[in-house]
Visitor: 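What follows is a structure written as structure tokens; I'll ask about it next.
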Amino acid sequence: MVFMTTAKKPTPKTAVVIGGGIVGLACAVNLQNSGVQTTLIDPQRPHPASWGNAGHIAVEQVEPLANPATLRTFHKRLFWRGGALSLPPADIGTWLPFALRFVQASRPAQHRAGKVALGAALSAAWPAWRKLVTLADVPSLLLEDGHYVVWETPKGAAAGRAAWERADIGSTSIRDVTTQEMDSLAARMARPPAGAIRFSGSGQILDLGELANSVRTRFNTLGGTLLREKVHQIQTSSNEAVLVTETGQRHSADAVVVSAGVASAPLLSGLGYRVPIIAERGYHIHSALTDWPLGSPPVVFEERSMIVTRFASGLRAASFVEFARADSSPDPRKWRRLRKHVIELGLSLHDPLSEWMGARPTLPDYLPAIGRSRRSSNLYYAFGHQHLGLTLAAATGEAMGALVRGDHPQFDLAPFDIERFS
């Protein structure tokens, strides 16, 4: 295995991380914990995807979504046909170039290579998460109890089960639900499922807000610094990256880590990078009023492309893959459809419901960008984790810490090199 490293250099003494989502937080606390004096710069955006997702540790998703099967079935997934895929006409200038790159990335050979790379990264997810929640002193937030996949029709159950049995699901496994589990699922729905399976080896975060606060608190107690600013530009001086905030402040460090989600692309453009990232937007509705028992594993309603998760704060239904500009207005039809799903299924999400929309940072091959820049001696990056931002956050934080220190990361970073889009 070839790891993307350079000659051993002295360990950097200082670092700046741009972006306070879960990936940026994991990078920052890992660096600070290893003795690198770290500053985390984040403007505290109102709707980061890190804190509005389904909370699912999805280590079963080894197959990148850029694959031939997705291309064959995309027309069935379109929003206007009842599916979760949305391509807003007003944003065609954004999603069409991305879609063309997606088609290229879905070639069988490229997909196979991506699956190997993603599988290696996912194999590091659980060990890294156990370390991170222990470091943040919140091990109870990590639930390693799998999840369910449910079908409402016999046809959907037969096709869905067969598809999962063919799929590469990494270190996880599937089995039929027990009679007791089926009775428990049926009790939460208006009608019993036509079929269901249970995954072992996946899991969830019980409270995303508490996780964020706990990791930030640990970062602070370790001596890290949090700045609530927005980085306006990355400049270079003597081949080193220097950050300029909107207030005109300049920040330099031995290591600069770009982990700003969708905003990473414009920051890197000043250095000549052309990063084909898109805002893949998801929606959820959330209710504090529910009778689902706390600790229940997440449930995927596959025919509706919806996942329902019991958090400490209530029950959340999440769905949709909307390719758009990050600043485009939300589409209220998405929330209305989620409500319709919930009502038809008879789920215990009761008014008042909160509504949320956020952007997953997604690259056309559905692999993240993790590595060290060849264009600036102190520049690193970790972004573009698509649906797996929460899943891979802790492992990415460890990998970035190793890379900055000049050590070998736990998995091969070469496939995640941003130069693959040059």
Side-chain angles (χ1 to χ4, degrees), residues 1-4 19 21-24 26-27 49-50 53 56-71 95 97-125 128 167-171 257-265 268 273-280 282 321 323 359-374 380-400 402-403 409-422:
M1 182 178 292
V2 178
F3 290 91
M4 199 186 77
I22 186 58
V23 174
C27 291
S50 295
N53 61 65
H56 179 40
I57 306 297
V59 292
E60 78 281 359
Q61 294 182 16
V62 175
E63 302 265 4
L65 287 175
N67 64 63
T70 302
L71 290 181
W95 57 255
F98 177 89
L100 295 175
R101 285 182 173 268
F102 176 87
V103 171
Q104 291 179 328
S106 298
R107 295 170 179 166
Q110 191 166 346
H111 169 65
R112 287 192 294 269
K115 183 168 68 171
V116 171
L118 195 56
L122 287 168
S123 69
D168 186 343
I169 56 174
S171 60
V257 181
V258 179
S259 186
V262 176
S264 300
L268 291 172
Y273 287 103
R274 299 179 65 182
V275 182
I277 202 166
I278 199 169
E280 189 200 314
V321 174
F323 293 107
R360 311 173 188 97
T362 300
L363 293 160
D365 56 5
Y366 273 76
L367 300 178
I370 310 170
R372 179 177 183 174
S373 172
R374 300 189 186 96
Y380 302 79
Y381 50 85
F383 62 88
H385 289 68
Q386 40 103 5
H387 295 252
L388 299 176
L390 182 69
T391 301
L392 288 175
T396 299
E398 286 193 0
M400 187 53 58
L403 194 61
Q410 318 91 303
F411 54 93
D412 186 5
L413 298 185
F416 309 116
D417 189 343
I418 195 63
E419 295 286 358
R420 68 189 190 268
F421 297 114
S422 294

Visitor: Considering all heavy atoms of both residues, which atom of A395 and which atom of A124 are nearest to each other, and what is their separation?
Guide: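 Nearest pair, atom of A395 first, then A124: CB-O, 3.8 Å.
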
Visitor: Would you check if I370 and M400 make a side-chain contact, meaning some heavy-atom pair closer than 4.5 Å?
Guide: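 They are in side-chain contact.
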
Visitor: What closest approach, in Å, do R107 and Q104 show between heavy atoms, and which atom pair accounts for it?
Guide: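 Answer, listing the atom of R107 first, then Q104: CG-O, 3.2 Å.
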
Visitor: Search all heavy atoms of P364 against all heavy atoms of P276 and return the closest pair with its distance.
Guide: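 Closest approach of P364 to P276: CD-O, 3.3 Å.
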
Visitor: Does the side chain of Y366 reach to within under 4.5 Å of the side chain of N67, using non-hydrogen atoms?
Guide: no

Visitor: Are the side chain of S50 and the backbone of I22 linked by a donor-acceptor contact shorter than 3.5 Å?
Guide: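 A pair under 3.5 Å: yes.
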
Visitor: Rounded to the nearest 0.5 Å, what separates atom OH in Y381 from atom SG in C27?
Guide: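 Reported value, rounded in 0.5 Å steps: 12.5 Å.
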
Visitor: List the atom of G384, the atom of L363, and the distance in Å for their closest heavy-atom pair.
Guide: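 Closest approach of G384 to L363: CA-CD1, 4.2 Å.
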
Visitor: Would you confirm whether T391, through its side chain, and A58, through its main-chain N or O, come within 3.5 Å as a donor-acceptor pair?
Guide: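 The answer is yes, because a donor-acceptor pair under 3.5 Å joins these two groups.
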
Visitor: Could you name each residue pair satisfying salt bridge (charged side-chain N to carboxylate O under 4.0 Å, His left out) that touches residues 57-69, not counting sequence neighbours?
Guide: E63-K115

Visitor: Would you compute the distance between atom CZ of F323 and atom CZ of R360 and round it to the nearest 0.5 angstrom?
Guide: 8.5 Å

Visitor: Look up atom NE2 in H56 and atom CG in L388, then write down how far apart they are to the nearest 0.5 Å.
Guide: 9.0 Å

Visitor: How many angstroms lie between CD in Q61 and CG in L392, if you round to the nearest 0.5 Å?
Guide: 10.0 Å

Visitor: Mind checking whether T362 and F98 have side chains closer than 4.5 Å, heavy atoms only?
Guide: yes

Visitor: Atom CD of Q386 and atom CG of D365: how far apart are they, to the nearest 0.5 Å?
Guide: 9.0 Å

Visitor: Do F102 and I278 come within less than 4.5 Å of each other through their side chains, counting heavy atoms only?
Guide: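 Not in contact.
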
Visitor: Okay, side chain of H111, backbone of A66: is any donor-acceptor separation there less than 3.5 Å?
Guide: yes

Visitor: Using a 4.5 Å cut-off on heavy atoms from C-beta on, say whether the side chain of R372 contacts that of L413.
Guide: no

Visitor: For R101 and F421, which heavy atoms make the closest approach, and how far apart are they?
Guide: NH1-CD2, 3.9 Å

Visitor: Keeping R420 on the side-chain end and F416 on the backbone end, is there a donor-acceptor pair under 3.5 Å?
Guide: yes

Visitor: Using 0.5 Å steps for rounding, measure from the CG atom of L122 to the CZ atom of F411.
Guide: 9.0 Å

Visitor: Quick one: closest heavy-atom pair of S259 and G24, and the distance?
Guide: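 Taking S259 first and G24 second, the nearest heavy atoms are OG-N, 3.3 Å.
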
Visitor: Quick check: do P361 and F383 have side-chain heavy atoms less than 4.5 Å from each other?
Guide: no

